[in-house]
Amino acid sequence: MDVESKSGRSFVRARAALAAGSLGLLLAVGGCGASGDSMDSGAKAADGKAAPREGFADGDGGAAASAAEEQADGKEAGKAAAPKPGGTHVIRTATLSVEVKSVPKAVAAARGAAEGAGGLVASENTERLDDTYETSHLVLRVPQERFQEVLRELAGSGKLLSRTSNAKDVTDQVVDVDSRISTQRASVARVRELMDQAEKISDVVALEGELSSRQSDLESLLAQQASLKDRTSLATITLDLTPPDAPGDDGSKDEDPGFLDALGGGWDAFVTMLRWIAVAFGAAFPFLLTAALAVVVWRVLRKRKATRGAAPVVTAAPAGKDGASAS
């Protein structure tokens, strides 16, 4: 009895395991079929969605779809073409004031230092004070890597009176401008493609206005890029060269005026006074001449009146005498 019961239990377990395996196999086959059907239905649905979209792009909504695609393409192009910062971009400037014995020689040395470093002289202004002394103002552009070397050479060319140096980091601005240029170029190219596809005159006119506006923005960005490139690749050094004060015979500077200085100053004052007197006389001469003529005319008229008044008195005297003798 125990043997039969054990064999019966084993048979029941085997049947249960066989049934469980068959059920798992059926579920696996059913799952594969369902996934295949879902994939086929998803592909059909995607094809169904793509077809209406193409039809919509060919219809009245083509402009809206094109604009959306243009905006997306512009953003993707901007992100893809955005340059990675390849280093720090710095604008360096310096101002030097140096006292030198010979300004022409110092100007030639400064020009040689700038050109020797691979730079240039942007501007030069020389002013002569008198027959012996002159000053010069130069603006030098030198490469960034030779900036400190040239600065030290210029400062050591004479007596350094003043020196200022500035550095401005514009790395973020350079990266931003480069990214905006890439995006703007993609936008301009997209508008040109739309112009090639446009058929209506109104669409062509609208796209031409949009293209002109975007090209203007692109040119402005390119100008900013060129300016930043120039200022970050070449540093600017402003150099002022002045001569020392005129020394005396013994090498010292005359500070107190002497007898000759006082004599020269007095003579200058005397000449200046005579000059002003002459100027005042010249200005008053017409009035004085007019007054003199008026006085002369007045005296002539007065004499004539006096002569006319005296003539009747002289003729009346004989008449009185005749009357007296007659009486």
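As the structure is a computational prediction, the values presented were derived from the model and not from experiment.
- Closest non-hydrogen pair, V100 versus G158, comes out as CG1-CA, 4.2 Å.
- Remark: side-chain polar atoms of T272 are paired, donor with acceptor, to backbone N or O of D268 under 3.5 angstrom.
- For I201, the CD1 atom sits in a loose shell: 12 or fewer heavy atoms of surrounding residues, nucleotides or ligands are nearer than 6.0 Å.
- Of all non-hydrogen atoms in R141 and T236, the two that sit nearest each other are NE-OG1, 3.1 Å.
- Side-chain contact check for T238 versus H137: some heavy-atom pair is nearer than 4.5 Å.
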### Query
Which is it for T93 and K168 under the side chain to side chain contact (heavy atoms under 4.5 Å, CB included) test, yes or no, and what are the steps along the way?
CA-CA 9 Å; T93 59; K168 182 180 179 181; over 6 Å; no

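- Between I181 and Q225, the closest side-chain pair of non-hydrogen atoms falls below 4.5 Å.
- V121 is connected to V142 through a chain of hydrophobic side-chain contacts under 4.5 Å among Ile, Leu, Val, Met, Phe, Trp and Tyr, so both are in one cluster.
- Residues T242 and L161 are in side-chain contact: their nearest non-hydrogen atoms beyond the backbone lie under 4.5 Å apart.
- Transitive grouping of hydrophobic side chains (ILVMFWY, heavy atoms separated by less than 4.5 Å) brings L160 and V150 into a common cluster.
- Not one N or O on the side chain of R163 forms a donor-acceptor pair closer than 3.5 Å with the backbone of L151.
- Using a 4.5 Å cut-off on side-chain heavy atoms (C-beta onward), Q215 and R192 make contact.
- At a threshold of 4.5 Å between non-hydrogen side-chain atoms, the residues L234 and P143 count as touching.
- Between V103 and T135 the shortest side-chain heavy-atom distance does not fall below 4.5 Å.
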### Task
Apply side chain to side chain contact (heavy atoms under 4.5 Å, CB included) to the pair R92 and S165, showing each step before the final yes or no.
CA-CA 7 Å; R92 301 184 186 276; S165 180; over 6 Å; no

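- The minimum heavy-atom distance linking V204 with A198 is given by the pair CG2-CB, 3.9 Å.
- Atom CG of L218 is separated from atom OG of S187 by 9.5 Å, given to the nearest 0.5 angstrom.
- Shortest non-hydrogen contact noted between T126 and E134 is CG2-OE1, 3.9 Å.
- L241 has its side chain within reach of L138: a pair of non-hydrogen atoms, C-beta onward, lies under 4.5 Å apart.
- A salt bridge between D217 and R180 is absent, with no side-chain N of the basic residue lying under 4.0 Å from a carboxylate O of the acidic one.
- Here the OG1 atom belonging to T307 is positioned 12.0 Å from the CZ atom belonging to R302, to the nearest 0.5 angstrom.
- Hydrophobic clustering keeps F147 apart from L228 (ILVMFWY residues linked when any side-chain heavy atoms are closer than 4.5 Å, directly or through intermediates).
- No donor-acceptor distance shorter than 3.5 angstrom exists from the side chain of S213 to the backbone of G209, with no hydrogens or angles considered.
- Side chains of S220 and Q224 form a contact here, defined as non-hydrogen atoms less than 4.5 Å apart.
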### Message
One pair to check against side chain to side chain contact (heavy atoms under 4.5 Å, CB included): R214 and V191. What are the steps and the verdict?
### Response
CA-CA 9 Å; R214 297 191 184 190; V191 173; 3.4 Å; yes

### Task
Given side chain to side chain contact (heavy atoms under 4.5 Å, CB included), test L221 with R185 step by step and report yes or no.
CA-CA 10 Å; L221 291 173; R185 280 176 174 168; over 6 Å; no

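- Using a 4.5 Å cut-off between side-chain heavy atoms of Ile, Leu, Val, Met, Phe, Trp and Tyr, with links allowed through other members, L211 and L222 fall into the same hydrophobic cluster.
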